Amino acid sequence: MTNLAAEILNTERHPNAQTITKVTHFTDRLFSFRVTRPQSLRFRSGEFVMIGLIGDNGKPLLRAYSIASPSWDEELEFYSIKVPDGPLTSKLQNIKVGDDIILKTKPVGTLVVDALIPGKRLFMLSTGTGFAPFASLTRDPEVYEKFDEIIVTHTCRDVAELDYSRKLTEGLASDPLIGEMVEGKLKYYPTTTRELSEYQGRITNLIESGKVFEDLGIEDLNPETDRVMLCGSMDFNTDVRKILEDRGFEEGANSKPATFVLEKAFVGE
Ligand code: A2P
């Protein structure tokens, strides 16, 4: 129910309701949206919150969504998949400016700079909507203050699915707030697995073969200097975790920072 509808029907607006301010559809599987930010919400870039809609049974239908906007932004941004028969996303994909969504204001998560020990290079490896937390982190000045080089990889099925990450990362250098910090520090490496493009294949294979490092003209992964954040499907996380652990990386947490951290992206429903 929208704010206006609630007023007309004289019903209570949900205490956790926030209003949609912008919706962008990228493909028939992916869209992003922006909502008003509750004043009480403080979060660290990379964290997630529970968001959703009121279901047909009148109860909130909530899922974990990484906040895609940086912590300094006045609004909140989310990046979502559309699952045709998914209980939440089949409805969420129809939201319009002015509609309400439910947003619980308790941010959590391990994809935060605090869960990593200091290092020189920060790798952010993602597939699909797993790019969302990196949309937040790559817009956060703290990341550029703490690391000399940021390498963001995003693997999707086809080129259209890279639209969100491509526009966002390409726009960073001209961003009035962080443009100067980003210049020369951020490398974006998009790859596709089901359509021809400049860089092809799963990032896992491109790391194992060394191609990603060759393409970018950088050194191979090294736990002495590098920190890694990864966010994608369960299989992706499992495969990358193994690659990293084989190379001597250790998984970190808020309570015990280490050399890599991971989070499961919103996967299906
Ligand atoms: P692929 O096309 O070879 O399955 P999805 O849209 O299904 O979430 O997948 C997003 C991207 O993640 C796809 O390009 C997919 O490649 C890739 N992917 C899926 N599983 C893995 C994995 N275990 N390791 C690396 N990449 C993966």
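Counting starts at 1 for both ligands and their atoms, in listed order. FYI, side chains are in, hydrogens and waters are out, and symmetry mates aren't considered; it's all heavy atoms of this structure. Given the structure is predicted, the values throughout are model-derived calculations rather than measurements.
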Original post:
For E219 and D226, what are the C-alpha separation, side-chain angles and deciding distance, and is it a side-chain contact (heavy atoms from CB on, under 4.5 Å)?
Top reply: CA-CA 10 Å; E219 296 287 309; D226 300 336; over 6 Å; no
Original post:
Any chance the side chains of T155 and T191 put a donor and an acceptor closer than 3.5 Å?
Top reply: yes
**OP:** Please could you name the atoms of ligand 1 that D235 approaches to less than 4.0 Å, counting only its heavy atoms?
**Re:** 23 (N)
Original post:
Atom CZ of F260 and atom CG of L122: how far apart are they, to the nearest 0.5 Å?
Top reply: 14.0 Å
Original post:
Excluding sequence neighbours, so at least two apart, what forms side chain to side chain contact (heavy atoms under 4.5 Å, CB included) with N237?
Top reply: L230, L262, K264
**OP:** Check each atom of ligand 1 against the heavy atoms of T204 and keep those under 4.0 Å away; list them by number with element.
**Re:** 24 (N), 25 (C)
Original post:
Are any of the N/O atoms in R202 less than 3.5 Å from those in ligand 1?
Top reply: yes
Subject >> ligand 1 atoms in contact with T193 (distance to a heavy atom under 4.0 Å) >> reply: 1 (P), 2 (O), 3 (O), 13 (C), 14 (O), 15 (C), 16 (O)
Original post:
Would one find an N or O of C156, backbone or side chain, under 3.5 Å from an N or O of ligand 1?
Top reply: yes
Original post:
Heavy atom under 4.0 Å from ligand 1: found in D239's side chain, backbone, both, or neither?
Top reply: side chain
Subject >> Lys/Arg-Asp/Glu bridge criterion (N-O < 4.0 Å) met for E77, R139 >> reply: yes
Subject >> Chi angles and distances behind the side-chain contact (heavy atoms from CB on, under 4.5 Å) call for F33, V97 >> reply: CA-CA 9 Å; F33 52 94; V97 172; over 6 Å; no
Subject >> Under-4.0 Å heavy-atom contact with ligand 1, by part of R157 that carries it >> reply: both
Original post:
Which ligand 1 atoms, with their elements, are less than 4.0 angstrom from a heavy-atom of R29?
Top reply: 6 (O)
